[in-house]
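Here the structure comes first, spelled out in structure tokens, and everything after it is commentary.
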Amino acid sequence: MELHIQSDFDCVYLINGELSDRADSLTMSEYDVVYVTVFPIDIRLLPYTVKLEGADNIKNSLAVGVRLSAEHYLLHLAPRLPVLYGNADSFRNIRTPSRIGRLFSHVKNGDMTAAFAMLTENLKSSISENALEAFFSACERVAECTWSDGNNFYLIPANGLPRLCSYTLKDEFIDDLSQCDE
């Protein structure tokens, strides 16, 4: 099984004692115990460690681990802030989200003008706001498949199985969104 680690911030990882600056695709057994220590590059953020026990799903304020399929497990890491209370604005936009991540955020935040600005004219004319909202509605996050070629991503619901989807680009705009048949 492949372990894919993604983070919302620039960092290096210590994975079971081995230092790595990328963790797009690591091989592990579904019964392994894996320790991932995150060392942020940004001095405003704190390091922390996540323990994965096999391919069990995990969810807390810093880490979400999801079994995407029989061959893929995604660990998504959030920044650990040094304060409990205070001005969170100084920590916004630690990393620019991927193109599909930005579209997902715009739709989830109800900013359909910004969402439609990311689409080609052809797609804008063939999709309604309701259809675009429905595509993302049951999901709480997206995970781009940085470990594979193409523009594939998973829609990850709060409960249930992740859906593999893809998008195509034309002149840097999203030209098509579709669910893949697995």
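Heavy-atom basis, side chains included; hydrogens, waters and symmetry copies ignored.
By the side chain to side chain contact (heavy atoms under 4.5 Å, CB included) test, S178 pairs with S166, D176, sequence neighbours left out. Remark: R99 engages R102, M118, Y167, L169, E172, I174 in a side chain to side chain contact (heavy atoms under 4.5 Å, CB included) (not counting sequence neighbours). In this structure, T168 has no side chain to side chain donor-acceptor pair (under 3.5 Å) partners at least two apart in sequence or on a different chain.
Linking Ile, Leu, Val, Met, Phe, Trp and Tyr whenever their side-chain heavy atoms come within less than 4.5 Å leaves I41 and Y13 in two separate clusters. Note on F173: it does not cluster hydrophobically with F116, by side-chain heavy-atom contacts below 4.5 Å among ILVMFWY residues. No path of Ile, Leu, Val, Met, Phe, Trp and Tyr side chains, each step under 4.5 Å between heavy atoms, connects I156 with L177, placing them in separate hydrophobic clusters. Residues L26 and Y35 do not share a hydrophobic cluster, defined by chaining ILVMFWY side chains whose heavy atoms lie under 4.5 Å apart. In the hydrophobic clustering of ILVMFWY residues, with side-chain heavy atoms under 4.5 Å counting as a link, L103 and L123 come out together.
Salt-bridge check for K124 with E129: failed, with every basic side-chain N at 4.0 Å or more from each acidic carboxylate O.
When all heavy atoms of P47 and R80 are compared, the pair lying nearest together is O-NH1, 2.9 Å. The two residues S128 and A131 have their closest heavy-atom pair at OG-N, 3.1 Å. Nearest heavy-atom pair, P40 versus L46, reported as atom, atom and distance to 0.1 Å: CG-O, 3.5 Å. Contact between E144 and S98 at its shortest, heavy atoms only, is OE1-CB, 2.7 Å. The minimum heavy-atom distance linking F104 with R141 is given by the pair CZ-N, 3.5 Å.
Side-chain contact between L45 and P79 is present, with at least one heavy-atom pair separated by less than 4.5 Å. A heavy-atom distance below 4.5 Å is not found between the side chains of F153 and N151. Contact annotation: the side chain of F39 approaches that of L14 to within less than 4.5 Å [non-hydrogen atoms, C-beta and beyond]. Counting only heavy atoms from C-beta outward, the side chains of Y154 and C165 never approach each other to under 4.5 Å. Using a 4.5 Å cut-off on side-chain heavy atoms (C-beta onward), V66 and P162 make contact. In this structure, D8 and L77 have side chains that are not in contact, with every pair of non-hydrogen atoms separated by 4.5 Å or more. For the pair F135 and V107, the minimum side-chain heavy-atom distance is 4.5 Å or more. Side-chain atoms of H4 and L75, non-hydrogen and from C-beta on, never get closer than 4.5 Å to each other.
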Margin query: With salt bridge (Lys or Arg N to Asp or Glu O under 4.0 Å) as the criterion, how do K59 and E140 come out once you've worked through the C-alpha distance, each side chain's angles and the decisive distance to 0.1 Å?
Written below: CA-CA 12 Å; K59 185 174 183 177; E140 67 175 17; 3.0 Å; yes
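No side-chain donor-acceptor contact under 3.5 Å links D32 to the backbone of M28. Between the side chain of K108 and the main chain of F136, a donor-acceptor pair closer than 3.5 Å is present. One N or O on the side chain of D42 and one on the backbone of R44 form a donor-acceptor pair closer than 3.5 Å. N57 contributes a side-chain N or O that, together with a main-chain N or O of R67, makes up a donor-acceptor pair within less than 3.5 Å.
Annotation: the span from L74 atom CG to E2 atom CD amounts to 12.0 Å, rounded to 0.5 Å. Taking CD1 of I127 as the reference point, atom CG of N122 lies at 11.0 Å (rounded to 0.5 Å).
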